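So the structure is just underneath, and the comments pick up after that.
As the structure is a prediction and not an experimental result, all values here were calculated from the model.
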Amino acid sequence: MLMGNMNKNWLTILCLYVTTSATGSFKYGRHFPAGEEAVNYIYSNAEGTWKYIDDLNYIWNYYEHFATDSHPFDREALIATADGNTLFTARDANGYLLCDFNKNLEIDPNERHCGYAFHEHSGKGVNGTSRGNPFSQFWLDDNWLARYMSEAYGRPHPNGIVDHPDSFMRWKILGADSSNWFPYNSDHFDTLALDGLYFITIGDLGNAVRVWNRSLAKSLAIYNSDLQQYEYPGIHENYHMGLWKIFTEMLTDENIDSDLRHRVVQHAVSLRSQILNNQEKDDRGNLLGWISNIGVYTSLINTEGVSVNSLALGANSKFVFEADSSPMIVGNGFFKREYHAVSAVVGLSFPGYISFGPNIPLSSGNFTIQFCLRAPNPINNIAVVDIFDVTDAKVIRSMVVGVAHFRAIPNQWNLIELTVSISAEMHSYVFRTYWNGKSNLDISYVRVKDWFE
């Protein structure tokens, strides 16, 4: 049951895998299945925004303050003409052009054919339905952002990206690059998250925590006891949710107070669940991307939103696997929940593996495997988590999980960790949670992280 064709598929995935970080200390990995399917969608020929630039035009500017005599401000003309048949660029929010390799703020004849990159959107909205023409505007900043996604998910990188090392570039901070980067010091969700990443990068945890607390207050977070997760009615854009998730995940690895870290983890898990809830599906149930405005039917799926949320789901990881979804397997008698977790319930579930998988090959190295578990009323020992080497058919690391692993506050998520050094090349591994039937238990995901002594 564990072998089948899954091992062959994972060998392919491992070969595609490039790295978990663009630069510096922030890590981005692959999330299964939602992140992986969103990336597949954005790269797809029919639905996505990944296109070959064979004749790039620069006529109008989208932002009025960048208007010149030769390139006037005319947003309406740009939107109307960049209809999917004609390809355009314009100066982005930082003032730069895609494919402007000589940095003269013009697209010269030899720069009009610069390979594959992402344009703004393909006119697709809720459930992937067409709501209008594509907007075939190719932004430098969107492609800079999308490159982190491409690298994390082992996909081709966009072309036409030109670095301006002596100038501010807003997305560089996602790669922990703080050179010529300065805080926005404004009170918007996206800029708060970017500022928070900046403060982590320079080691200013006091300001990072201050910004995180401000984001929490702005989110109007409220705990939904029926769905057993936080909701965030103050967040109205999906990419804001994703950016705050990235910031929140990165903060969990910093040297912050243990009580604060535990609180941050609760929101990291809930933000992940909200992002999963908000992902669009087509009429066949295939996972797509995220529309820009949460709950707004007229909103569209765009490159920025898919990039941020696929990164958010894999942030601070090498791989993330949802316990309730393929390639993980839910054991018989356990319950998939609306809050993206699997539950074992005393009297209704029988002892056994609540979730296991994914039969993944790992190269040699040091890894931390995190099991995200929650026990409403833990009694004595509850479960055993382990790492099973499928190739050698043996458990290589295990831990009994009991009351001591859960805090005094009931029904809180805890990250139960196993560290392992692997020397055997290309063995396949399964991460298992065995429930003993004595105390209710939830598992939301299993995460693989690089671990260094």
Side-chain angles (χ1 to χ4, degrees), residues 19-29 62-63 65-66 89-101 103 105 117-118 138-152 157-158 160-216 218 237 239-256 264 303-312 314-316:
T19 180
T20 53
S21 72
T23 182
S25 61
F26 295 153
K27 306 294 182 182
Y28 302 100
Y62 187 89
Y63 297 105
H65 53 281
F66 291 132
T89 190
R91 293 176 68 176
D92 64 18
N94 297 128
Y96 308 128
L97 294 172
L98 190 74
C99 299
D100 180 20
F101 297 108
K103 305 180 186 179
L105 295 179
F118 295 97
F138 291 79
W139 301 106
L140 173 61
D141 58 353
D142 273 10
N143 280 279
W144 193 289
L145 168 64
R147 184 173 56 176
Y148 296 122
M149 171 190 70
S150 302
E151 190 166 1
H157 292 197
I161 294 176
V162 181
D163 191 10
H164 296 260
D166 298 325
S167 302
F168 178 86
M169 172 66 74
R170 62 173 172 157
W171 294 123
K172 281 187 177 181
I173 201 63
L174 264 69
D177 183 355
S178 61
S179 57
N180 292 299
W181 209 97
F182 50 85
Y184 285 91
N185 293 317
S186 61
D187 202 40
H188 304 288
F189 264 110
D190 52 348
T191 57
L192 283 168
L194 296 174
D195 284 1
L197 292 173
Y198 168 78
F199 289 129
I200 291 176
T201 300
I202 66 171
D204 186 352
L205 291 184
N207 267 318
V209 170
R210 174 185 61 79
V211 169
W212 188 85
N213 282 326
R214 175 56 189 154
S215 298
L216 179 62
K218 278 184 66 68
E237 296 186 48
Y239 106 100
H240 288 178
M241 190 87 73
L243 279 177
W244 193 32
K245 166 70 159 56
I246 291 172
F247 173 32
T248 300
E249 287 288 1
M250 300 312 177
L251 192 58
T252 64
D253 263 8
E254 297 301 312
N255 186 26
I256 57 178
V264 170
T303 295
E304 183 179 62
V306 173
S307 299
V308 166
N309 283 291
S310 61
L311 286 169
N316 198 17

In Å and rounded to the nearest 0.5 Å, what is the [atom1] to [atom2] distance from [X] to [Y]?
X      : Y      : atom1 : atom2 : value
Leu140 : Asn94  : CG    : CG    : 8.0 Å
Leu311 : Asn316 : CG    : CG    : 12.5 Å
Thr252 : Phe247 : OG1   : CZ    : 11.0 Å

How would you list, by chain and number, every residue that makes a side-chain contact (heavy atoms from CB on, under 4.5 Å) with [X], sequence neighbours excluded?
X      : result
Asn143 : Leu98, Ala117, Phe118, Pro158, Ile161
Arg210 : Phe199, Asn207
Tyr198 : Ile173, Ser178, Trp181, Pro183, Ile202

* Would you call Leu216 and Trp244 a side-chain contact if the rule is heavy atoms closer than 4.5 Å? ->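 Side-chain contact under 4.5 Å: yes.
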What pairs with [X] under side chain to side chain donor-acceptor pair (under 3.5 Å), at least two apart in sequence or on another chain?
X      : result
Asn180 : none
Trp212 : Thr248
Thr303 : Thr49
Thr201 : none

Looking at every non-hydrogen atom in both residues, tell me the closest pair between [X] and [Y] and how far apart they are.
X      : Y      : value
Lys27  : Met250 : O-CE, 3.4 Å
Trp171 : Leu194 : CZ3-CD2, 4.1 Å
Ser186 : Thr191 : OG-OG1, 2.7 Å
Ile200 : Ala208 : CG1-CB, 3.9 Å
Thr89  : Phe138 : OG1-O, 2.7 Å
Met169 : Trp144 : CE-CE3, 4.0 Å

* Quick one: do Lys218 and Phe189 satisfy side chain to side chain contact (heavy atoms under 4.5 Å, CB included)? Show the steps, please. => CA-CA 8 Å; Lys218 278 184 66 68; Phe189 264 110; 3.6 Å; yes
Going by the rule ring pair (Phe, Tyr, Trp, His ring centres under 6.0 Å), which residues pair with Tyr239 if we only count those two or more places apart in sequence or in a different chain?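 Per chain and number, Tyr239 pairs via ring pair (Phe, Tyr, Trp, His ring centres under 6.0 Å) with no residue.
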| For residues 239-250, which residue pairs qualify under salt bridge (Lys or Arg N to Asp or Glu O under 4.0 Å), counting only residues two or more places apart or in two chains? |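 Counting only pairs at least two positions apart or across chains, the salt bridge (Lys or Arg N to Asp or Glu O under 4.0 Å) contacts touching residues 239-250 are Lys245-Glu249, Glu249-Arg447.
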Should Asp142 and Asp92 be marked as a side chain to side chain contact (heavy atoms under 4.5 Å, CB included) after you check the CA-CA gap, both sets of side-chain angles, and the distance that decides it? CA-CA 9 Å; Asp142 273 10; Asp92 64 18; over 6 Å; no
Going by salt bridge (charged side-chain N to carboxylate O under 4.0 Å, His left out), name the residues that satisfy it together with [X], two or more places apart in sequence or in a different chain.
X      : result
Asp163 : Lys172
Asp166 : none
Arg170 : Asp141, Glu304

Practice item. Establish, yes or no, whether a centroid distance under 6.0 Å links the rings of Tyr62 and Trp139. Key: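 Yes.
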Check: What do the steps show when you test Asp187 against Leu192 for side chain to side chain contact (heavy atoms under 4.5 Å, CB included), and what is the final call?
Finding: CA-CA 6 Å; Asp187 202 40; Leu192 283 168; 3.9 Å; yes
Query raised in the report: Do any N or O atoms from the side chain of Tyr28 and from the backbone of Leu174 form a donor-acceptor pair under 3.5 angstrom?
Result: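 Judged by distance alone, yes, a pair lies under 3.5 Å.
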